[in-house]
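Everything below concerns the one structure shown next.
Quick caveat, the model's predicted, so the values are computed rather than measured. Start at 1 with the first residue, then count along the sequence. One-based numbering, in listed order, for ligands and for the atoms of each.
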Amino acid sequence: MSFAEAVRAGGIGPGCLVDAVDDVAWLGHAVEDEVVIVPRRGVEVDVADLHQALVDALAVVDVLNALEAGLLDLAGDDSAFDVEAAVGDRVGGRDPLDEADEHGHGDDHEDDQEDGAAAGAEELGEDAGDRRDQDSLQVEAEDRPPRGVALEDHLLSRTEVERHRPQHTRAVRVPPYRDPVSIAKVEPLTTARALRGPFDYRLPAAMADLEVGSLVRVPFGRQRLLGVVVGLADASELPPEKLAEPIEALEAGAPAELVRLGLWIAREYCSTPSRGLQLVLPPGTGAGGQRVRSRLELRAEIAAAGEAALSGSERLGVKQRAVLEALRAGEMSAPDLAAAVGADRGVLRRLEERGLIVTRSSRVRRRSSHPEVGASGGNPELLPEQAAAVGSIVAALDGEAGAPREQLLHGVTGSGKTEVYLAAVEAALARGKGAIVLVPEIGLAPQAVARFRARLGDRFAVLHSALPDGERYDEWRRLRSGEAAVCVGPRSAVFAPLRDLGLIVIDEEHDASYKQEGDPCYDARAVARRRAAESGAVLVAGTATPRPESWLELPRLQLPRRVDGRPMPPVKILDMRQADPRSGALHPDTWAALEGVRAAAAKAIVMVNRRGFAPWLTCRSCGRHWSCPNCDVSLIVHRHSGRVVCHHCAHSEPLPRACGDCGSTTLSRAGVGTEQVEALLAERLAPMPVLRLDADTAGARGAHARILAAFGEAESAVLVGTQMVAKGHDFPEVTLSAILDADATLRFPDFRAAERTFAMVAQLAGRSGRGEAGGEVIVQTLAPVAPSIVHAANHDAATFLTAEIERRRALRYPPFSHLIRIVLKAESEPRLEKAAAELAATLQPALPEETDLLGPAPMFRVRNRHRRRLLLKAGDREGTVAAVRDTVERLAADRSLREVAISVDVDPQ
Ligand code: ADP
Ligand code: ZN
Ligand code: ZN
């Protein structure tokens, strides 16, 4: 029996405890009651005036806590309380279900005010809203916890906190504050750096089941903010009556383990708790609120009385009959019924009221189709090396003594690492544990995803920012509820809300996309290690080209051979310094090899690490150089779009026909990009199709997978592109891979340049010769003797890494020190200089002794902002991070520096 029915039947008396689950939902909407979204709570009623009790109970707690935001908005300060809500119809004209998904679902919107729907309206009669409005309570500024609270001024300027508590305590006893009182420590989600939480809120009895990780909306000064419960306590430094209460609890929060991880990230990467926590919350949750929720669907089933009615003499409308007939075949959803027999919700509601059908609402999983790119299915028997690697991981899963909890799986490209991950994941599942598999950018790994999906089926979930919010939210929930136990995704999947984590795999652990570029600049590999250690999970980092730090720190599992014993392809280094400049971007030998591929009707991959047509445009007569007005960089010629484009900001201009300074029409382009190579190849290798894969062609959703699929399906083709072509796919028909500017990455002034170049060349080399036809690799370079290129050409990671590690040791670079980069940006250069000097001067004395401070050094201007960089080389990581955090926070609060943006990157890549 629902609350309202109980009220009408007089079944509720003083002191009785009503399980409010159905009621509240029912009160929200008569038909689409949704049990799952409403946390189980009780409403204690202690009244004589039952109608008033109902209104007040609604106004007080449970509706406010339990239901969707749509209802809460309605119950907010200005809106009058809608009495109809109390008797079971749509609230304020808004169906809470419509809030379920920001994308909505079209056919569910019909507005069905029905006869009898507002049946009890007159019974209740009064406008409850007025009464509630008199009830706002003044909360003083001191009600904030006293510990060094640095609120922004506007937050303190008016601190009326309005509380949702009815005046009619005579009618409903205010939920008692138990002794000891429950206090939730809440970290508000805000962008303000200066805000120091957490803040104490008093929990009413109805919110007693809040946990660490629960999402709440809280009054905060004049605002209402979303916040995360980061702790629970029995006492506050303030008396309970001085504390405000949360306004509502939201649908889903993060597990406590992830809350700790988010707060750890905030500390470790010099960010704020709010930003750290936002990483671990359900997708679509942020400082702006919770945009996404479950999508619910009403489903109807025929009742025994319905069957009887069909054959009996009961009076049925045409549509009612049609619905019952349709339901005879089995349960159907409301949208399906609407499509099949044109029955709207009113029809269903009346049928339900007559007891002829039973309805329930169920959560619908949103999913889009996934292109299957050359997914090689099957479950091959493992090779001895693979089996040994799996055995070692399983020993760790089983907690065997001496089995390392973290391991590096070093296997050459095509050595069957993915099969090892799959077997390890299956072993974890067999032990009742979940697994996370991190892959570089998932758009870049459609094949890997397809393989996991094929092997793991429904236990598998994907989390990726490219998924529509609704879908991502549903996947998140499937993991949170335990329905799915394996999550595959790029770096943010390290925050997958798995329950019982047994294994974290980091595929292609060398990949730079594991580092987040925006604040917090976390490194998913470090986060994975932390999470694995905290939850007792096993960590496996796999790659053909390990990072020096992983090589040094992790015990190794080796897969030295390709599956089927195919040899690694021979690599030819072509010295472009010796090449005839007239032959252009491609060496004659490269052309010859490509023509061989065409003759054999095979496939080739060509990599040029720059997109666009040509990277420089200059005037031959006056020397004018086209550069970005907002950034200190050249504009790149894009012939396809007929523009010159800045790759650092949105600026672009039409491709000029003449020089604006001198009028000359002899403009010269220099250098090559993917667009130009595509054109060259298409012209010379016709009719072999040439496909281009770079940020310009793969920008649209699904475009990346489509291009790879087209390449996979083609009989014979060339794939041209940026680094994207070297990642995440396995096409056995590729017999040639060529890299045109292998040293481009070496020219960056960065201590990781050699490591990156090695990985890039080795990975590209690994794309060739995976099939029976074998293959070869061509490396064009101006630096043919650079160790990174030579060792990559020899497929010799060990020699490269040994030398690289010694070089880093000598220069005290990571992993022998920790780097922290601080970048300051401002439009005004003098202000920037002043701020940078001040930061350096304040920071220097605060740093631990062994920490070197380099800079401030200028960096090139981007988006009209000048930049300066400070680099710290630290032995004592924690001490240095703490000093940076304190100093930056202090400066961030300094008004004279307000126009200067400061960002901190710990372990920059
Ligand atoms: P890696 O991840 O090391 O590049 P993959 O796991 O993608 O290698 O394996 C390369 C190919 O070899 C895949 O097509 C895979 O199905 C196949 N393969 C892997 N292990 C075996 C095995 N034990 N027997 C037969 N084929 C295998
Ligand atoms: Zn000119
Ligand atoms: Zn620019």
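Note: Phe800 and Phe758 have parallel aromatic rings, judged against thresholds of 30 and 60 degrees for the angle between ring planes. Ring orientation note: the planes of Trp551 and His410 are nearly perpendicular, at an angle over 60° on the 30°/60° scale.
Under a cut-off of 6.0 angstrom, the local environment of CD in Glu381 is sparse, with at most 12 non-hydrogen atoms contributed by other residues, nucleotides or ligands. The environment of CZ in Arg556 is crowded: more than 12 heavy-atom neighbours from other residues, nucleotides or ligands sit within 6.0 Å.
For ligand 1 and Leu383, the ligand atoms under 4.0 Å from any heavy atom of the residue are 23 (N). With ligand atoms numbered from 1 in the order given, ligand 1 contributes 1 (P), 3 (O), 5 (P), 6 (O), 8 (O), 9 (O), 19 (C) to contacts under 4.0 Å with heavy atoms of Gly416. In summary, the atoms of ligand 1 found under 4.0 Å from a heavy atom of Glu381, numbered by their order in the structure, are 22 (C), 23 (N), 24 (N). For ligand 1 and Glu419, the ligand atoms under 4.0 Å from any heavy atom of the residue are 6 (O), 16 (O), 19 (C), 20 (N).
Put simply, the residue from Ser634, Pro656, Ser668, Ser627 that forms a side chain to side chain contact (heavy atoms under 4.5 Å, CB included) with Leu617 is Pro656.
No side-chain N or O of Thr757 forms a donor-acceptor pair with one of Ser788 less than 3.5 Å apart.
With the Zn ion (ligand 2) as the vertex, SG of Cys619 and SG of Cys662 span 100° to the nearest 10°. For the pair SG of Cys659 and SG of Cys622, the angle whose vertex sits at the Zn ion (ligand 2) is 110° to 10 degrees.
If you look at Gln386 next to ligand 1, the close heavy atoms, those under 4.0 Å, all belong to the side chain. At a 4.0 Å heavy-atom cut-off, ligand 1 touches Arg451 through the side chain alone.
The Zn ion (ligand 3) does not have His651 among its coordinating residues (no N/O/S atom, backbone or side chain, under 2.8 Å). In summary, His648 places no N/O/S atom under 2.8 Å from the Zn ion (ligand 3), failing the contact criterion. For the Zn ion (ligand 3), the set of nearby N, O or S atoms under 2.8 Å includes one belonging to Cys628.
Polar contact with ligand 1: absent for Val563 (N/O pair, distance under 3.5 Å).
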| Verdict with supporting geometry, Val608 and Asp694, side chain to side chain contact (heavy atoms under 4.5 Å, CB included) | CA-CA 10 Å; Val608 201; Asp694 58 24; over 6 Å; no

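Using a 4.5 Å cut-off on side-chain heavy atoms (C-beta onward), Trp626 and Leu667 make contact.
Contact between Ser415 and ligand 1 is present, with at least one heavy atom of the residue lying under 4.0 Å from the ligand.
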